[in-house]
Amino acid sequence: MNKNVRRYAMAGSVFSLALATGFVMQNGDKIASLVVGADDEAVVVGSAPIELGDEPKPAVAAAIPLPESTPMAEVPTVEGAEVIQLAAAEGLTLPSDPMSDALPQVAPGDMAAAVSVDAMPSPAEAVEGQTRFSEYGLPCSVEITAAEGIGGLVDLSLTAPCYANSPVTITHEALRFTQATNEAGVMQVSVPALAETAKFELGFDTGSVATTETKVSVFRLMSHAAVQWQGDNGMQIHAFEYGSDYGQEGHISGAAPQSAHRADRLAGGFLTRLGEPGIPGAWMAEVYSFPTGGMSDNGVVRINIEAEVSSTNCGREMRAETIQPNASGSYSMVDLTLAMPNCDAAGEFLVLKNILRDIKIAAN
Amino acid sequence: MLLALRCAAVSAALLFVSLTAAFGQDILLTSRDGSITVEGNLLSYDGEFYRLDTDYGVLTVDGQGVVCSGPGCPDLTAYVAQLRISGARTMGEVLLPALVEAYAVARDLRVKRAVSDDTHFEYKMTTRLDDRLVARIQFRVSNSDEGFADLVAEEADLAMTVREPLTEEVRRGIEAGIGDLSAPRRARIVALDGLVPIVAQNNPLRRLTLEELAGILSGEIADWSAFGQAENAIELHGQLPTSGVQQGAEARILAGDTHRAMTRHASNAELSDAVARSPFAIGVTSFSEVGNASVVLIDGPCGRAIAPGRLSLKAEDYPLATPLFLYTPARRLPLFAREFLNWLTSPAAQLVVQRSGFVNQSPERIPLAAQGDRLAAAIMNAGEGVPLPEVQRMISDLSEAARLTTTFRFRGGSARMDTQSEGNVDLLARALEAGVYDDRTLIFAGFSDGQGPADGNKRISRQRAEAAWQAVKKEARTADWSRVTVRSIGFGEALPMGCDDVEWGRQINRRVEVWLQ
């Protein structure tokens, strides 16, 4: 398992500089580990906050230099921030562009995950001349890990103590969905990878964006089909594996999503439902994933999109986006508009068999 | 010539157009080098051609060669191409939508699909930069009958069909003024498919002669005991009588309609799913939609079975190959539609065809070594008609060569090639023009069936080989013949593929293969 943790600083007008020469924030690590769930394997390599300004350095920012092999990166600064001389930053020049969002891109060869952040401060957190801490006393850093899970999933984990109970919109290739952090600013989600080098962009409602990526070794063995929409429109994917009918074991849907273990065992596919329906304007997605490359029987998985005709959507148009493989093997998105049947049909389901293409399994 | 003039009668007059100074007319077209101008009232603009009413009559001018000025010029950026596609479900469910979506990607356009139901939907293509609408493509998915009917009624611009038009449909087309649908090049083959008998995976049936299949379709064979299985009634599954696949199955396997009771389905997929569920079921579906069922090979009475597959469908060696057609009207389609049709033959489009589960038309090589069955058949067949030295000569002629899947077959007893072969003429001609076979030797190898005297068969097969070569040569106008060597040879009945004791076997045997050395 190759899991790397990156950290960068986020602050108000007193801006934490993420220095690429590298610092490990020792105390911060322990706290972060507690929050994330004490992942022993997490290797904390990366950039720790260096405080700018006149304030005394906080205890948590006890910084030690990393080995010299850690590459350099540009250092962002912010208008109005007072730049001080940093001993550790010898030879570093700070970019003059005040809006520079050039970020630490520390990427030693063995690292699967990398994080970069558009470190714009959250206005709500901005406290003039102060290091930023969350209400639990944790520094306002944002930490993301991305690691390959089973069944072609990527396990994403976010710790952002200053974004407690906040929506986060995750964009991966054409896929996007909105999750929420918990009261500790933690969010964990497993996302089907739609590219071999799976890149993720996490956008906060403040406009800040963090990115991470990881390699997915089984990407080429998996087939996915997805539908996504904004708000609440009740679209569902139903997959029927190897001739299964409604209610049978090979009928995969939100009511019987199965899990990635099923794909891992080459027993069939699974459905991932992404997004938090409670968040206003949230993007929601359903992704069906099937281990095409590992199956030993020829056959087909038929994939339907179903939408319940309700008194609120009848006679109207519903919008969504579909994502499925194109001829070059990557995934393409198509905007979809569904003309819902008129209101006599309320309570019935609109079944569309040909929007998402069937997955054909050619064994051997 | 920069100006493509569609009105020959006035082409001479045009030379003087630039000398006339007619004011008050609403557009002025100027050739890009400024040497020729045409003035007139704009009648229409289709995205490529201006039609304008001039002092010399109505002219059609290629918009690419001219610059338009004057108050009547169309807003070139506001032009939205429209394309209506109607017809067979086999093509309209997955294949054409996948091609349309891939074409949008190739042109870097954004695709929006508006769906009413599974059979009525529309694609809107917009520019990525400013979301400007460029084209609307409407789909109506029904069957081949409806496709031809919509084309004749001018309610469709392209008809998706799994069969060629019936005599009656050709007549109606001519009456409606859309031209002769049976004329060469009215149809484009988009992909190759085939009719295949299927059973459930737990049914032990693996091979079937066409005659036995006909017996099942007609009801003469009604019980599985006829195939050595336990006594159980055969459940026949089919499609609606309007389905082109159903019509094809009845016409080509049964040579007539069937009145036998069957469970009818609305699509290939539904038919395949139903058959896959019952060990006592059998049906004929498309090769592209076998689904979870198991394919039954078509066996010849002499024991030569031919499996449907990519190579056998490309080479039309499989007796029930069914090309999938797009028929066009006689009128000129908008530029967007013509560019889409041209793109369909590109390698990118052929890849989409393959990924969608259909067989594309890209030629493939089948080395001699991979044709052991055929050689064994040739040696078994050696004797009276074809003495062994003849077989040896043939093998020596074809050694170190690979057969291309490009094969030419002729309509029953006629000198005219079938539609797939006509398409192969174009494909091979284009490849020759592009220099694909430069510094190589192409052998047009003619073969006949085993009916009649061997000498006559050799002569006929040589004539067919020569005819196929001449047809290709005529189309490959810009090929450099100094770079490629071509031989045509007649081998007569030497290398049979099908069984000569049935007509469909003889039809498979009458062919011209192309070998590459």
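The structure displayed is predicted, hence computed values, not measured ones.
- A/Ser332 OG to B/Arg110 CZ: the interatomic distance, rounded to the nearest 0.5 Å, is 12.0 Å.
- For B/Glu93 and A/Arg357, the salt-bridge test fails: no basic side-chain N is under 4.0 Å from an acidic carboxylate O.
- Of the residues considered (A/Leu350, A/Asp245, A/Asp358, A/Val300), A/Val300 shows the highest number of contacts with chain B, using heavy-atom pairs under 4.5 Å.
- Looking at B/Gln201, only its side chain comes within 4.5 Å of chain A, counting heavy atoms on both sides.
- For a residue to count as touching a neighbouring chain, one of its non-hydrogen atoms must lie under 4.5 Å from one of that chain's; by this rule A/Lys353 touches chain B with backbone and side chain alike.
- Neither the backbone nor the side chain of A/Arg319 has a heavy atom closer than 4.5 Å to any heavy atom of chain B.
- Within the 4.5 angstrom heavy-atom criterion, only backbone atoms of A/Val351 (N, CA, C, O) approach chain B.
- Between B/Glu289 and A/Arg302, at least one side-chain N (NZ, or NE/NH1/NH2) sits under 4.0 Å from a carboxylate O, which counts as a salt bridge.
- Side-chain contact between B/Arg113 and A/Ile355 is present, with heavy atoms from C-beta onward closer than 4.5 Å.
- For A/Ser328, the part sitting under 4.5 Å from any heavy atom of chain B is the backbone (N, CA, C, O) and nothing else.
- A salt bridge does not link B/Lys124 with A/Asp335: every distance from a Lys NZ or Arg NE/NH1/NH2 to an Asp or Glu carboxylate oxygen is 4.0 Å or more.
- The main-chain N or O of A/Gly243 is never found under 3.5 Å from a side-chain atom of B/Asp273 such that the two would form a donor-acceptor pair.
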